[in-house]
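Heads up: the structure comes next, in C-alpha cells.
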Amino acid sequence: MLAVQPPSSLPLPVPRPLPDCEQCLRFERMGRAARAAHDRSRETDARVMLRNHHSEAHENGATSGRPGC
C-alpha cells in the first residue's frame, strides 16, 4: 500500500540568490524575464532550478568558486 502524504503549503519558499554566485544570478534573471513575459511555466522552472541549485551548492558547504557554483 502506498502512503499518502498531506499536501504541502504552496508555494515553496525560494532562496535568495547569492550575489557572488553566477548560477544563482542566472536563475534569478531567468525568473524575472519569465515574469515580465507572463510565462508562468518558465517562471516556475527558474524557481525550481534556483531552489535545487541553492540546496546542492550552498546548503551543503559549497561556496562560490567551488564546484556547483
Side-chain angles (χ1 to χ4, degrees):
M1 179 187 286
L2 294 174
V4 176
Q5 294 187 4
S8 63
S9 61
L10 295 175
L12 295 173
V14 178
R16 290 193 169 194
L18 299 180
D20 61 341
C21 177
E22 279 301 314
Q23 285 284 57
C24 283
L25 297 175
R26 184 172 65 110
F27 294 137
E28 181 185 38
R29 285 191 301 267
M30 286 172 58
R32 278 197 313 257
R35 244 184 328 278
H38 305 284
D39 187 337
R40 301 289 293 172
S41 179
R42 273 188 17 220
E43 182 182 357
T44 299
D45 290 346
R47 261 197 323 266
V48 168
M49 287 186 282
L50 176 59
R51 192 172 26 254
N52 289 342
H53 163 74
H54 197 276
S55 173
E56 293 169 4
H58 301 302
E59 292 178 10
N60 295 328
T63 58
S64 180
R66 293 189 183 163
C69 245

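This chain uses plain numbering: 1 for the first residue, then up along the sequence. Computed from a predicted model, the values in this text were never measured in an experiment.
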- Note on the structure: Nearest heavy-atom approach of Leu25 to Pro19 is CD1-O, 3.4 Å
- Message: Checking the side chain of Arg51 only, and the main-chain atoms of Pro15 only, is there a donor and an acceptor separated by less than 3.5 Å?
- Response: no
- Message: Can you tell me how far apart CZ (Arg40) and CZ (Arg47) are? Round to the nearest 0.5 Å.
- Response: 6.0 Å
- Item | Taking every non-hydrogen atom, the tightest pair across Cys24 and Pro17 | CB-CB, 3.5 Å
- Query: Are any non-hydrogen side-chain atoms of His58 and His53 less than 4.5 angstrom apart?
  - Reply: yes
- Nearest-0.5 Å distance that lies between atom CG in Leu50 and atom CE in Met30: 10.0 Å
